Asks: 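Attaching a single structure in structure tokens format; questions to follow.
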Amino acid sequence: MPELPEVETIRRDLLGRIVGKKIKKIEIKDQKLIRSRASVFVKSLVDKKFVEIERIGKLLIFSISNNLYLLIHLKMTGQLIYLNKKEIIAGGHSLSESPNWPNKYTRIILEFSDGARLLFNDLRRFGYWQLVNLEELEKIKKNYGPEPANLLFSHWQEILKNKKTNIKAFLLNQKHISGLGNIYVDESLFLAGIRPTRLVSSLNLVEQKKLYLSMKKVIDKAIKYRGTTFRNYMDSEGKKGNFSSFLKVYGRSGEKCRVCQTRIVKIKLAGRGTHYCPLCQS
DNA sequence: CCTTGTGTTCTCCG
DNA sequence: CCGGAGAACACAAG
């Protein structure tokens with residue numbers, strides 16, 4: 001499940017690899033995943049270059065040399081795989097556990113003029129590629145709250161104000177704060193010592209501050225370790241994220257809390273599997 | 001039937 | 001009756 005740290009890892013890796021390269025060819029194997037007419041899509045990209053790669057929350061934004069923007073969302077199982085000419089001939093990367101590409105889940109292939117390729121794999125076909133102009137991009141950006149890294153505590157307090165839902169549902173909502181998904185919401189709440197079921201309105205000042213700091217800490221560390229691989233996630237070289245071994249609650253139901261040895265509980269909340277320690281979190 | 005990110009639709013409340 | 005918030009559902013496939 002790519003969340004902010006995973007998408008940021010991909011963004012940083014791709015910056016040095018594809019920016020400035022001319023797009024030579026596009027192969028669309030599954031029309032469903034592109035949110036434009038295929039002919040328009042191909043015409044707008046071929047012979048153009050990527051100028052910059054940005055990100056808002058979990059959404060990647062590739063600026064193109066013709067003032068259009070390619071939005072790529074990985075949703076649950078999307079992967080962006082970069083292969084240079086040599087790796088294409090070898091059928092993948094030089095890692096033993098690395099699968100061969102393209103595979104049956106490869107939905108779109110971008111080919112650059114130097115022979116390198118960018119593959120978009122998506123098992124569940126939830127992800128998408130979409131072309132927008134600046135005006136449309138600005139509109140889309142308005143749906144996202146600030147990211148943990150850019151957040152001031154005074155702003156955080158404003159955001160929390162008058163919210164009537166539980167803290168889990170609140171943190172998952174990208175309009176309030178962007179980039180957190182199920183894994184990092186559960187991990188941030190554990191670090192803050194707050195139960196996911198708590199109402200936003202019930203958090204006192206100390207808890208607000210703890211959560212504020214915990215989100216930043218969890219996200220920063222996860223970026224440092226190149227994200228979490230729980231199921232499908234891999235970076236643009238086909239490698240797994242290294243944050244998985246630091247998970248305190250996510251995916252650990254029935255296992256002992258690393259702090260107090262109490263067994264981690266799993267409930268369903270906001271329609272999502274939700275993990276917490278009944279002793280550390282109150 | 002479980003998994004999840006997000007867009008849409010439904011429902012409730014003041 | 002309107003607007004906003006939040007809940008519920010839809011999507012997909014293994």
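Residue numbers start from 1 in every chain, and the chains themselves are labelled A, B, ... in the order their sequence lines are given, proteins ahead of strands. This structure is a prediction, so every number in the text was calculated from the model and none was measured.
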Asks: Atom CD1 of A/Ile177 to atom P of B/dG5: distance rounded to whole Å?
Replies: 15 Å
Asks: So does A/Glu187 pair up with A/Lys221, basic N to acidic O under 4.0 Å?
Replies: no
Asks: Regarding A/Gly127, tell me which of base, sugar-phosphate or nothing describes its non-hydrogen contacts under 4.0 Å with the strands shown.
Replies: nothing
Asks: Please tell me if the side chains of A/Cys257 and A/Cys280 come closer than 4.5 Å, counting only heavy atoms from C-beta onward.
Replies: yes
Asks: What string of B, S and - do you get for nucleotides 8-14 of chain C 5' to 3' if you count protein non-hydrogen atoms under 4.0 Å?
Replies: ---BBBS
Asks: Check whether any side-chain nitrogen or oxygen of A/Gln174 sits under 4.0 Å from OP1 or OP2 of B/dG5, and answer yes or no.
Replies: no
Asks: Rounded to the nearest angstrom, tell me the gap between atom CG in A/Leu74 and atom P in B/dT3.
Replies: 22 Å
Asks: Which part of the nucleic acid does A/Lys175 contact within heavy-atom distance under 4.0 Å: base, sugar-phosphate only, or nothing?
Replies: nothing
Asks: Whole angstrom is fine here: how far is it from CD1 in A/Ile267 over to P in B/dC2?
Replies: 15 Å
Asks: What is the distance, rounded to the nearest whole Å, between atom CZ of A/Arg231 and atom C1' of B/dT3?
Replies: 5 Å
Asks: Can you list every pair that meets ring-ring contact (aromatic ring centres under 6.0 Å, His included) and has a residue in residues 67-87 of chain A, with sequence neighbours left out?
Replies: A/His73-A/Tyr128
Asks: Measure from OH on A/Tyr250 to C1' on B/dG5 and round the result to the nearest Å.
Replies: 12 Å
Asks: To the nearest Å, give me how far apart CG (A/Leu33) and P (B/dT6) are.
Replies: 16 Å
Asks: Between P on B/dT3 and CZ on A/Phe230, what's the gap in Å once rounded to a whole number?
Replies: 11 Å
Asks: Among all residues two or more places apart in sequence or in another chain, which pass the side chain to side chain contact (heavy atoms under 4.5 Å, CB included) test with A/Leu205?
Replies: A/Phe153, A/Gln157, A/Gln208
Asks: Any side-chain N or O of A/His73 under 4.0 Å from OP1/OP2 of B/dG5?
Replies: no
Asks: Please report, rounded to the nearest Å, how far the P atom of B/dG5 is from the NE2 atom of A/His176.
Replies: 17 Å
Asks: Under 4.0 Å between a side-chain nitrogen and a carboxylate oxygen: does that hold for A/Lys248 and A/Asp186?
Replies: no
Asks: Do A/Lys75 and A/Asp122 sit within salt-bridge range, that is, some charged N less than 4.0 Å from a carboxylate O?
Replies: no
Asks: So which heavy atom on A/Phe243 is nearest to which on A/Val218, and how close?
Replies: CZ-O, 4.3 Å
Asks: So if I take residues 135-173 of chain A and measure heavy-atom distances to DNA chain B, which residues fall below 4.0 Å?
Replies: none
Asks: Show me, pair by pair, the donor-acceptor contacts under 3.5 angstrom made by side chains of residues 44-53 of chain A, not counting sequence neighbours?
Replies:
residue, atom, partner, partner atom, Å
A/Ser44, OG, A/Val40, O, 2.7
A/Lys48, NZ, A/Val46, O, 3.4

Asks: Which pairs would a plain distance check flag for residues 261-273 of chain A, meaning a side-chain donor or acceptor within less than 3.5 Å of a matching protein atom at least two apart in sequence or in another chain?
Replies:
residue, atom, partner, partner atom, Å
A/Arg263, NH1, A/Gly254, O, 2.9

